[in-house]
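Lettering follows sequence order; numbering is per chain, from 1.
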Amino acid sequence: MRARLAVALVVWWIVCLVWFARIPVTAPLVPAQREAFAGASFRSAIGDAGIDGQALSVTAMDDKDGVLLVRRVDVVAAERPVLRYRVGDFPSTMELALVFRRADAPGDTFSTTLTTPRGEVGTIDLATEREWRGRIVEVGFAAYAVAQSAPPATAFRPYRFLDATFESPSWRGALGATATEWFGRRYWALMSMSALGPDAPRVRSRSLILFAAAGVLGSIALAAWLGGWRERRLLRFAIVASVCAWVALDLRWLLTLTDRHAGTRAAYAGHDWRQRQALQPDRGVAAAAARVREALGDKLGQVRLLVDAPSDYERARLVYHLLPANAAPINLLVYARKNYPGVYLVTYERDASNYDAEKGLLTLLDETTEPAERLIDEPPLQLYRLRQAGAP
Amino acid sequence: MSAGYAFAWLYVALLGSGVWIAVAGLPRRADIAACLGYGVVLGFVACGLLVAGRAAPGAQLAAAAWPWFAATLAVVAVAAAWRVRRAPADGILAVPSERLPWWGWALLALLAWRFLLIVDEAWLRPVFAWDTWIAWAAKAKVWFESGQAAHYVAPPLWIDGADANARTSLAWHYPELLSRIDLWLASASGAWNEAAIGLAWPALWLAMLTGCYGQWRALGLARPQAVLAVYALGSLPLINVHAALAGYADLWIAAILVFAVLAWQRWLVRGERAQLVLCVALLATLPLIKFEGMVWAVALAALIAFGAVPPRWRLGGVAIALVLAAVAVLLSWWLKLAWLTTALGILGGGGGGRSATSLFGVLRAFASGLFAQYNWHLLWLVVPALVALRWRLLREDRALALLALFVAGAVVFVVGLFALTPAAKWAESNTAINRLVLQIVPVAVSLCALWLRDLSLSTDTDRATSAPPDPA
């Protein structure tokens, strides 16, 4: 009876793995077709990179904090939906993305984020990407600091792009893709405070938690059916199985937590607390706030500022960087008033052409106009002092 | 790190532990863990209350408030000394101290490794998470630089410009105790040092685990069981995140709520009046931290009132509970308390929310957060399994039944809030629902732990652990 139960448990866990890893059961164990491109065959379109044997050594980002390695290819998407990419020493504080062009839309660029692999090898099943179809004529691998999280000033570390291989479907490819999603390295995102899993740029795999739960529940059911145990023994088995599954999931979480923390150490360790506070993920916004503080000087503590930017994030961050200035995001007021005398307006990445310098009139987003004096015009930053109508 | 900052931490521990001793007497054995855990939370809350209203800017605040702090500590010390002389402790712990098996030490080692990562993360990383720099830390930073004369008003009042000290923000109406705790820590460190402020969150996490361990032991869990439960709570990923990425209020609510609930359970099970006093004091601080705190406080207070009524007067108990809740809401409406205005705004769609595009979508997001995302390991699969296997125990254990009622009610409230009101927007985007669940998760873990307390983890033949004693 014990042997029967052991076999049944093994079979059950394999069935769960096949379903959760989306393994195409009719596919071969290893890919029948493969097309590999060595890292050295790519060129650096953005950032600095040099050939290092068969690999490409990436040594610097460009001044817009990005890297892009590209090469021409001729890949039929439906025949090669699995991408196996190898990257060495890729920093935790950066994000990797696949960029590609199709023959039917040569002017368009499509992209999808790639999970940073644990170890060197990562796999992704591109069959789930809507734009991965037709003939692929160019591919690229972009890298940039994790948005809203990693300070670009310290995010980059040199890494090696080893190779990229496009494969036909196989058990190995499906297992590799699932393993990359389940165990790949992640970095902190703002969403991490609210949900783990959705804090990754894309959720591609079925849930590891549900896999563990299905495995445990099925094991308990099999033990009850085949083991013939009494209730108390079965309860103890259920508790032990649940605890083992919990600990396994926790070890995986601890690995992830260690990765995230390693990224934080890479970005911030070795700096004192003042320097760390100066390392901001949105250094452009922080620099704009510093420029406003410099321009207003001693008046900063006495004036009120309205802040405008394209997104809630940039607006709120600009307000925070301006503290302790008396600042508020402009959308709070819902343009309730039509006259803002004595208030300063800070705009970041807004259209500067809405200011008529000759007439001294500023057109706001609700298309009303306010008399204003422009104090800073250094795109993407403008600073205006809103005046009473008729005032000098 | 400055001597002033180190002294501030010592002050928190002394003041908070002193409050515990003044109320519950000198702790013995596992109660020492409860005293320390509760002490950290009570100490921080007290320091946040003590700095409120002081005019000095942050750099001078600690020195300016020092006489108040010293006087408060002296009063607490006197009260504690008097309490110890009058009656050393309420009852004794009856559960024998089993030796911790090897797996218990392994689980504690996993927690210790995690704690090191969390502390270093909170120390290294400046303010990061959204609500921290919009709400909690933003107000504290303004007060630190300008003094607490700067107060927050609604945007139309701010733009009028009549009050030079008026400020506004998206979070102008949020409770301010947490911001004052931030302010006090910054003041103690001598500068707006976000690392110095952030260390409070790993400390809170550790205090929550320690306090829960002590209370679970007092409520009849054997040491191996209590350590397993501590590991279960401490290993939950989203709680780890809130401890590491310091700044949010949800972990504070979670810790204070579970401390209040466990103190209430001790009063129910062991008749310790001192624990009821602690429970009420903690309940009173919940609304000062975050708006949801008021909802939990009213719900728990109503349940305490219901639970205090003998079973034969059950209908009367329900009536009392409903009346208490209604009085709390009416009083809040009359006093125009911000939590009610905000709640009505959310329910009416005025807070930027929108009703669910589909009920199925909201329920799916809720279920995903509980069961499929990486937030809670297998916790929310264990809870229904326990309900299915051990629901009969609730008929025999009234305290446990009331605790289960609280957890069930909390879950129903969360589902109802997101499924039936304009708060659905925040469920479908995963931005709020899991954080609301986080606030009740320690209570849910406590329920699971207490529900299994009769089950021995020994490899010997099964034996029942000792039940908590009758009150001395």
Side-chain angles (χ1 to χ4, degrees), chain A residues 149 188 190-198 207-210 212-213 216-217 232 235-236 238-239 242-243 245-247 249-251 253-254 256-258 260-261 264-265 267-269 273 276-277 279-280 301-302 304 313 316-317 319-320 323-324 326 328-329 332-333 336-337 340-343, chain B residues 107 110 113-114 117 120-121 124-131 133-134 138 141-142 144-146 150 155-156 158-159 161 164 167-170 192-196 228 232 235 237-238 240-242 244-245 248 369 371-375 377-378 381-382 385 389 430-432 434-435 452 455 462:
Chain A
S149 177
W188 295 116
L190 289 177
M191 183 60 111
S192 302
M193 297 298 291
S194 302
L196 293 168
S207 167
L208 173 62
I209 305 293
L210 290 180
V216 168
L217 286 172
R232 209 152 176 90
L235 183 60
R236 183 172 285 145
I239 291 172
S242 303
V243 168
W246 186 303
V247 172
L249 289 172
D250 190 42
L251 288 173
W253 161 245
L254 267 177
T256 306
L257 186 59
T258 307
R260 296 177 192 240
H261 174 254
T264 300
R265 283 208 70 82
Y268 294 105
W273 67 265
R276 297 199 301 274
Q277 278 172 219
L279 288 171
Q280 295 290 341
Q302 290 125 38
R304 288 172 299 150
Y313 175 79
R317 289 291 290 175
V319 168
Y320 185 72
L323 292 179
N326 194 349
L332 268 193
L333 297 158
R337 293 226 352 182
Y340 303 102
V343 172
Chain B
L107 295 180
L110 289 179
W113 170 242
R114 189 185 322 255
L117 295 176
D120 202 37
E121 186 75 40
L124 286 176
R125 178 179 282 278
V127 159
F128 167 64
W130 189 289
D131 280 3
W133 40 263
I134 275 194
K141 190 172 183 181
V142 166
F144 184 84
E145 304 287 355
S146 331
W158 177 78
I159 197 64
R167 301 275 181 144
T168 196
S169 79
L170 284 161
W192 182 255
N193 182 339
E194 291 170 0
L228 183 60
S235 67
L238 200 59
N240 292 172
V241 171
H242 276 246
L245 302 180
Y248 267 38
F371 305 119
Q373 293 169 10
Y374 294 109
N375 309 316
H377 292 327
L378 298 173
L381 292 153
V382 167
L389 293 172
N430 281 305
T431 47
N434 293 318
R435 288 194 283 117
L452 289 169
L455 210 63
D462 288 348

If one checks every heavy atom of A:Arg260 against chain B at 4.5 Å, the contacting part turns out to be backbone

So which of A:Leu257, A:Leu249, A:Leu254 has the largest heavy-atom pair count under 4.5 angstrom toward chain B? A:Leu254

Contact leader toward chain A among B:Pro237, B:Ala164, B:Pro126, B:Pro155, where contacts are heavy-atom pairs under 4.5 Å: B:Pro237

Structural part of A:Val319 lying under 4.5 Å from a heavy atom of chain B: neither

With chain B, the option among A:Gln302, A:Arg317, A:Gln280 that has the most non-hydrogen atom pairs under 4.5 Å is A:Arg317

Highest number of heavy-atom pairs under 4.5 Å with chain A among B:Ile134, B:Leu238, B:Thr168 belongs to B:Leu238

Out of B:Asp131, B:Leu110, B:Leu452, B:Leu389, which one racks up the most heavy-atom pairs below 4.5 Å with chain A? B:Leu110

Using atom types as modelled and distance alone, determine if a side-chain donor or acceptor of B:Asn375 lies under 3.5 Å from a backbone N or O of A:Leu196. yes

Would you mind telling me which of A:Pro324, A:Pro329, A:Ala267 has the largest number of heavy-atom pairs within less than 4.5 Å of chain B? A:Pro324

Mind ranking B:Asp120, B:Val382, B:Leu107, B:Leu381 by heavy-atom pairs under 4.5 Å with chain A and telling me who comes out on top? B:Asp120

Of the backbone (N, CA, C, O) and the side chain (C-beta and beyond), which part of A:Ala238 lies under 4.5 Å from a heavy atom of chain B, both, or neither? neither

Atom OG in A:Ser194, atom NE2 in B:His242: separation rounded to 0.5 Å? 6.5 Å

Without swapping roles, check the side chain of A:Thr264 against the backbone of B:Glu121 for a donor-acceptor pair under 3.5 Å. no

Side chain, backbone, both or neither: which part of A:Trp253 has a heavy atom under 4.5 Å from chain B? side chain

Evaluation steps, side chain to side chain contact (heavy atoms under 4.5 Å, CB included), between B:Glu194 and A:Trp273: CA-CA 8 Å; B:Glu194 291 170 0; A:Trp273 67 265; over 6 Å; no

Decide if the gap between the ring center of B:Trp133 and the ring center of A:Tyr313 is smaller than 6.0 angstrom. yes

Winner by heavy-atom pair count (cut-off under 4.5 Å) against chain B, out of A:Leu251, A:Val247, A:Thr256: A:Val247

Chain A interface, residue from B:Trp192, B:Phe371, B:Tyr374, B:Tyr248 that has the most non-hydrogen pairs under 4.5 Å: B:Tyr374

Pairing residues for B:Ala372 by the side chain to side chain contact (heavy atoms under 4.5 Å, CB included) criterion, not counting sequence neighbours: A:Ser207, A:Leu210, B:Ser368

What residues, two or more places apart in sequence or in another chain, satisfy salt bridge (charged side-chain N to carboxylate O under 4.0 Å, His left out) together with A:Arg276? none

Between A:Gly197, A:Ala269, A:Pro198, which residue shows the highest count of heavy-atom pairs closer than 4.5 Å to chain B? A:Pro198

Could you tell me which of B:Asn434, B:Leu117, B:Val142 has the largest number of non-hydrogen atom pairs under 4.5 Å with chain A? B:Leu117

Taking every non-hydrogen pair under 4.5 Å, which of A:Leu279, A:Leu190, A:Leu208 racks up the most with chain B? A:Leu190

Interchain contact, A:Leu235 with chain B, by part (heavy-atom threshold 4.5 Å): side chain

